[in-house]
Amino acid sequence: MNIIVLVLLGILALPLFLDVYRVVAFNIIPHDDYAFYLLYLLGEEGGVKPINPSGYRLLPVAVAIPFYHILPHFSFRFLEGVGDTYLQAMEALSLVTYLAVVTASFLIYLLTLNRFRGSVTCALLAALISTLTFRYTAIYGIDPFSIMWICLLIYSLHDRMWFTLLLGLSIGINEKIVFLFFMLFTGRYLVSRYRQSYHTAVAIMAFAGYFLLRAIIGLPGNEYMVDPGTYANSFLRTLRFFFNMRSLVLNLLPIMMTVCLYFLAYREHKLQENDTLLFTPVDILPLCGLLIICLIMDLAYTTGRI
């Protein structure tokens, strides 16, 4: 049954690969362009050494290396001024995005079925809804791979060895994963009775490990992100456009959807005893923490997807 579900999700999501590839090839939507990073890793012409923080997000780019070599070249008749190697890099990264969406949706199916004891119908619905809601993320960047990794971490919460390994590797995937689990488990430890000491210790070590990595490598770029002196002005700039129509769709709607999911989970928690590794009432804290980070770092219309 699980194999059938995985194949079904792969077929249903297949147009996503071409959609992402077309959009990034024609540069229709502003996005973080990791093709230059991939070419840099490959030693190909056009590669550019990455800056902070994208340079620390090595693994989502590195996994595209074999696809760069094995995928058939897919060009566009009306696209001009774009080199073949650059197109090949974008095609490889687009396939990684597609595979990440399918894998994440399948993991959400397994989480619903095995961890939350939902029915097959409920699990399938959760997987299909997840596939659609990826559109609220930066689907043309590495968000899908990061979300897939978060799903892996949640599924492995009960296996300390795998959880430790996966969270350690997340330092080289996306710093927001490290921040999320740091806020989640330290929040539980400090303000609730649901204290998971081992997970909290691992989350703190991963959080410290990320900043240690930054100190050792020291990539340049976006220094304002770690300068508290800029936070007040960034916060005021963000508020000036936070309540316009564009922000309503890109920021406020995803935030409201996430808060609604929290309250549905909170209601379920009150109705019946749940596994407190998967959810506790204080788990609103990392959502609030991420929102504050977005506001003080002037992340503009990317707040909702974060």
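When a residue number appears, it is its place in the shown sequence, counting from 1.
The number of heavy-atom neighbours closer than 6.0 Å to CD1 of I217, taken from other residues, nucleotides and ligands shown, is above 12. Within a 6.0 Å radius of CD in E80, other residues, nucleotides and ligands contribute 12 heavy atoms or fewer. In the displayed structure, F67 atom CZ is contacted under 6.0 Å by more than 12 heavy atoms of other residues, nucleotides or ligands.
Under the 4.5 Å side-chain criterion, counting only non-hydrogen atoms from C-beta, M90 is not in contact with Y34. Counting only heavy atoms from C-beta outward, the side chains of T186 and F207 never approach each other to under 4.5 Å. At a threshold of 4.5 Å between non-hydrogen side-chain atoms, the residues L16 and R135 count as touching.
No path of Ile, Leu, Val, Met, Phe, Trp and Tyr side chains, each step under 4.5 Å between heavy atoms, connects V202 with L285, placing them in separate hydrophobic clusters. Both L87 and V48 belong to a single network of hydrophobic side chains, linked directly or stepwise wherever heavy atoms of I, L, V, M, F, W or Y lie under 4.5 Å apart. Taking hydrophobic clusters as Ile, Leu, Val, Met, Phe, Trp and Tyr residues chained together by side-chain heavy-atom distances below 4.5 Å, L248 shares a cluster with V259. Both L165 and V178 are assigned to one and the same hydrophobic cluster, defined by single-linkage of ILVMFWY side chains at heavy-atom distances under 4.5 Å. Linking Ile, Leu, Val, Met, Phe, Trp and Tyr whenever their side-chain heavy atoms come within less than 4.5 Å leaves L58 and I51 in two separate clusters.
A side-chain donor-acceptor contact under 3.5 Å links Y56 to the backbone of L219. With H199 contributing its side chain and L157 its backbone, the two residues share a donor-acceptor pair below 3.5 Å. At distances below 3.5 Å, not a single donor-acceptor pair connects side-chain atoms of Y68 with backbone N or O atoms of L42. Judged by distance alone, with hydrogens and angles left aside, the side-chain atoms of T280 form no donor-acceptor pair with the main-chain N or O of T276 at under 3.5 Å. The backbone N or O of P50 sits nowhere less than 3.5 Å from a side-chain atom of S54 that would complete a donor-acceptor pair. In this structure, the side chain of N174 does not engage the main chain of I177 through any donor-acceptor pair within 3.5 Å. Between the side chain of W149 and the backbone N or O of L166, at least one donor-acceptor pair lies under 3.5 Å. Put simply, the side chain of Y37 gets close to the backbone of G55: a donor and an acceptor are under 3.5 Å apart. The main-chain N or O of L111 is never found under 3.5 Å from a side-chain atom of N114 such that the two would form a donor-acceptor pair. Q196 places no side-chain N or O within donor-acceptor distance of the main-chain N or O of F185, the cut-off being under 3.5 Å.
Under 4.0 Å is where a charged nitrogen must lie from a carboxylate oxygen, and between K176 and D143 no such pair does. The pair E175-R57 counts as a salt bridge, with a side-chain nitrogen and a carboxylate oxygen less than 4.0 angstrom apart.
Under the 3.5 Å distance criterion, with hydrogens and angles disregarded, no donor-acceptor pair is assigned to the side chains of N244 and S247. Defined by atom type and a distance below 3.5 Å, a donor-acceptor pair is missing between the side-chain atoms of R305 and T302. When only modelled atom types and interatomic distance are considered, S130 and S105 share no side-chain donor-acceptor pair under 3.5 Å. Between the side chains of Y21 and T97, no donor-acceptor pair is found at a separation under 3.5 Å.
Using bins of under 30°, 30° to 60° and over 60° for the plane-to-plane angle, the ring pair F211/F179 lands in the parallel bin. Under the 30°/60° scheme for interplanar angles, the aromatic rings of F17 and Y98 are found to be tilted. Under the 30°/60° scheme for interplanar angles, the aromatic rings of F263 and Y266 are found to stand perpendicular.
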Which is it for I255 and T303 under the side-chain contact (heavy atoms from CB on, under 4.5 Å) test, yes or no, and what are the steps along the way?
CA-CA 9 Å; I255 290 170; T303 299; 4.2 Å; yes
Determine, step by step, whether S94 and Y140 satisfy the side chain to side chain donor-acceptor pair (under 3.5 Å) criterion, reporting the C-alpha distance in whole Å, the side-chain angles of both residues, the deciding distance to 0.1 Å, and the verdict.
CA-CA 8 Å; S94 299; Y140 306 108; over 6 Å; no
Run the side-chain contact (heavy atoms from CB on, under 4.5 Å) test on L277 and H158 for me, step by step, so that the C-alpha distance in whole Å, both residues' side-chain angles and the decisive distance to 0.1 Å come before the verdict.
CA-CA 8 Å; L277 256 183; H158 297 82; 3.7 Å; yes
Assess whether side-chain contact (heavy atoms from CB on, under 4.5 Å) is satisfied between L128 and L12, documenting all intermediate values.
CA-CA 9 Å; L128 293 173; L12 290 175; 3.7 Å; yes
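Atoms CG and CD1, from L180 and I306 in turn, are 12.0 Å apart once rounded to the nearest 0.5 Å.
Judged by the 6.0 Å and 45° rule, R246 forms a cation-pi pair with Y301. For the pair R195 and Y189, the distance from NZ or CZ to the six-membered ring centre is under 6.0 Å and the angle to the ring normal is within 45 degrees.
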